[in-house]
2 protein chains.
Amino acid sequence: MATINDVCKLAGVSKATVSRVLNNTGQVKPATAEAVYQAMKTLGYKPNSLARALATNKTNTLGLVVSAFEGAYFSSLMRQASETTAKSGKQLLIMDGGHSQESECQAINSLVEQRVDAIILYTRKMPPEQLKQMMQTLSVPLVVINQMVEGFEPQCICFDQYKAACEATEFLINSGHRKIACITGPEDSVNSRLRLKGFHDTLDKHQLTATGFYHGNYFTQSGYLGCQALLDKQKPFTALFTANDNMAMGAIRALHEHGRQVPGDISVMGFDNDPAGEFLIPSLTTVTLPVEAMAQAAIEQALLLVKDEKISPVDLFAGELIVRESVDQLQKPS
Amino acid sequence: MATINDVCKLAGVSKATVSRVLNNTGQVKPATAEAVYQAMKTLGYKPNSLARALATNKTNTLGLVVSAFEGAYFSSLMRQASETTAKSGKQLLIMDGGHSQESECQAINSLVEQRVDAIILYTRKMPPEQLKQMMQTLSVPLVVINQMVEGFEPQCICFDQYKAACEATEFLINSGHRKIACITGPEDSVNSRLRLKGFHDTLDKHQLTATGFYHGNYFTQSGYLGCQALLDKQKPFTALFTANDNMAMGAIRALHEHGRQVPGDISVMGFDNDPAGEFLIPSLTTVTLPVEAMAQAAIEQALLLVKDEKISPVDLFAGELIVRESVDQLQKPS
DNA sequence: TTGTAAGCGTTATCAT
DNA sequence: ATGATAACGCTTACAA
């Protein structure tokens with residue numbers, strides 16, 4: 001692999017000059033520049049970004065840690081993050097946060113060792129206190145998605161989980177449902193707790209109480225199992241609130257296998273607006289989660305932090321109810 | 001950010017010694033080692049992997065370029081690749097190949113500049129000749145998934161698209177279907193052409209001909225649109241062969257909107273075995289594509305190449321028919 | 001067991 | 001307009 005020295009020799013100039021044409025910094029006579037270009041070409045020279053980073057103390061790289069690769073949600077997140085980063089002329093390094101807090105830490109650590117300019121973290125496992133501590137001690141700027149850290153608001157890109165869950169539940173109630181069951185996310189997830197709280201509070205507000213609930217894990221299968229469990233309990237319900245679209249799909253399948261019509265017998269509300277939901281039969285009533293916008297905001301904040309600019313907090317992102325077929329109106333909404 | 005020099009001073013030893021304890025290479029007195037650890041800890045020292053890579057000429061990093069982030073298929077690919085790499089103690093750097101051949105080249109180029117130890121490429125856009133050229137000229141080993149390059153077979157991890165498509169079609173015919181339409185992938189994709197060829201050849205073999213076909217783009221929506229187009233043509237068919245599960249889902253939705261029962265009126269065959277297919281109503285008859293195994297094989301070959309070991313070609317991966325509900329047996333299979 | 005010093009491929013500061 | 005040369009943070013002979 002050719003180095004800058006090889007180029008020097010072939011072009012008959014010094015390292016400094018080659019570096020100049022490489023970064024077009026400083027003045028260099030067109031003729032020599034041309035010679036250097038030629039030399040680079042014939043040698044197939046590619047600058048070594050490691051050496052460059054070492055010399056400049058800038059890697060031009062952002063690190064993104066995601067807590068999963070599965071699901072349309074994360075796909076969109078990664079795609080948008082990658083796009084926004086590319087537009088800024090930097091690299092995006094995507095790492096798997098794995099299934100545990102420990103592996104998330106490892107991922108972050110490894111990004112720090114690689115000297116990325118900033119880290120964007122989508123975590124499901126990291127407790128808020130530890131996030132706070134990292135924000136304080138880490139030597140690179142850290143932006144987190146979907147987790148609020150007190151005192152570091154500008155570095156947090158959040159979605160109003162609670163409100164969105166309230167609205168979804170409200171819609172169910174407004175549609176005339178009174179017996180509502182729920183399949184929620186894992187207990188150890190802050191966001192899933194927020195969604196659950198929104199659900200419960202809204203029921204409370206209407207003097208209702210949940211007909212049953214089940215802790216899923218966001219995978220389709222757990223929606224399926226959860227719904228079976230709910231059905232087995234023999235407590236009848238007319239609507240099911242689900243903490244994401246995947247689980248909604250699983251639940252609908254379980255309902256179908258039990259001979260229940262959706263939405264005729266039981267209505268199902270999703271969460272996330274997975275693109276597949278539009279094509280399901282019945283199509284899924286759900287609430288959008290603007291991942292793309294959030295990913296973009298996260299990268300942009302990170303980019304500002306890299307430039308040492310002061311940043312202001314980003315508003316909470318809001319959900320939007322998408323009314324499709326899977327929820328029946330038992331009565332007209334008020 | 002603390003450097004090795006800071007550690008030296010605080011611990012009162014030389015760089016060499018610190019390096020020794022860092023990599024536990026060579027002999028170092030337990031007492032001094034302890035002192036060094038202490039120093040590292042109190043300084044919050046993290047080795048700079050750039051400097052290390054520069055010195056050793058090894059980055060301990062593999063680069064993966066994917067042609068898309070969307071879809072369960074790529075999620076599995078990335079997850080498995082990430083896992084296998086991690087097991088080997090290396091890093092996986094995932095890059096977006098983007099939507100064009102040019103951006104794929106950029107991604108590769110940038111990985112080369114970052115001096116990754118090897119590159120794994122899942123491409124949809126790169127023509128075979130160019131792949132071949134890269135394999136010859138690139139300074140890092142290159143492994144490609146799903147594309148066969150003559151003379152570089154050991155570096156190609158492939159799936160037998162053709163055979164799988166034949167089997168799927170055969171199943172349709174065996175089930176009594178004679179009027180079969182098809183929604184295939186993009187024309188410029190080698191694999192999608194192979195699937196289409198398998199479909200056509202199998203029909204030929206039975207003296208049948210396709211009732212119609214449509215070029216989709218692997219997104220759900222295009223299955224939906226394609227199926228509508230097919231329906232509008234008024235050429236009746238009893239079965240639909242689809243080049244991936246997403247498009248199958250879209251097609252089923254279109255069929256439903258046109259009042260056709262699946263599989264009662266029209267059977268639908270998917271391709272890929274997307275995990276969602278199991279929960280669809282009707283659940284999807286499809287053929288598995290062993291992405292995980294392929295991803296693992298790709299990483300393992302890459303790892304061997306890094307170690308300069310000679311590698312032998314990996315067998316073509318085979319599909320497996322998954323019989324579920326979406327295909328009706330008009331007659332018992334022979 | 002430990003230290004010295006050269007080198008990895010760049011950039012950047014001086015001179016010239 | 002160009003060239004020496006000292007960093008950058010680490011590894012690795014070679015000495016001691």
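In the text below, chain A, chain B and the rest are named by the order of the sequence lines, each starting its count at 1.
Listed by first and then second residue, the ring-ring contact (aromatic ring centres under 6.0 Å, His included) pairs that reach into residues 10-55 of chain A come to none, sequence neighbours excluded.
Distance A/K9 NZ to D/dT2 P: 20 Å, rounded to the nearest Å. For the pair B/E113 CD and C/dG9 P, the computed distance is 15 Å after rounding to whole Å. Put simply, CD on B/Q114 is 22 Å from P on C/dC8, counting in whole angstrom units.
Between the axis at the start and the axis at the end of the helix from C/dT1-D/dA16 to C/dT16-D/dA1 there is an angle of 40°, using five pairs per end and rounding to 10 degrees.
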Which atom pairs, one a donor and one an acceptor, fall under 3.5 Å between side chains of residues 20-31 of chain B and the rest of the protein, sequence neighbours left out?
{"from": "B/N23", "atom 1": "OD1", "to": "B/R52", "atom 2": "NH1", "distance (Å)": "3.3"}
{"from": "B/N23", "atom 1": "ND2", "to": "B/S19", "atom 2": "O", "distance (Å)": "2.8"}
{"from": "B/N23", "atom 1": "ND2", "to": "B/S19", "atom 2": "OG", "distance (Å)": "3.4"}

Donor-acceptor contacts, no H, no angles, side chain residues 145-154 of chain B, under 3.5 Å, sequence neighbours left out:
{"from": "B/N146", "atom 1": "OD1", "to": "B/Q161", "atom 2": "NE2", "distance (Å)": "3.4"}
{"from": "B/N146", "atom 1": "ND2", "to": "B/Y73", "atom 2": "OH", "distance (Å)": "3.2"}
{"from": "B/N146", "atom 1": "ND2", "to": "B/Y122", "atom 2": "OH", "distance (Å)": "3.2"}
{"from": "B/E153", "atom 1": "OE1", "to": "B/G151", "atom 2": "N", "distance (Å)": "3.2"}
{"from": "B/E153", "atom 1": "OE2", "to": "B/G151", "atom 2": "N", "distance (Å)": "3.1"}

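A side chain to side chain contact (heavy atoms under 4.5 Å, CB included) with A/L111 holds for exactly one of A/V65, A/L142, A/T61; it is A/V65. The only member of B/M126, B/H99, B/R124 that meets side chain to side chain contact (heavy atoms under 4.5 Å, CB included) when paired with B/S67 is B/R124.
Here B/T17 does not reach the OP1 or OP2 of C/dT2: none of its side-chain N or O atoms lies under 4.0 Å away.
For the pair A/R115/B/K46, a side-chain contact is recorded, criterion being any heavy-atom separation below 4.5 Å from C-beta on.
Considering only residues two or more places apart in sequence or on other chains, B/D188 meets the salt bridge (charged side-chain N to carboxylate O under 4.0 Å, His left out) condition with B/K125.
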Practice prompt. Starting at the 5' end of nucleotides 4-16 of chain D, put B wherever the base has a protein heavy atom under 4.0 Å, S where only the sugar-phosphate does, and a dash everywhere else.
Written response: B---BBBBB----
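With rounding to the nearest 0.5 angstrom, the OG atom of B/S88 is 12.0 Å from the CD atom of B/E83.
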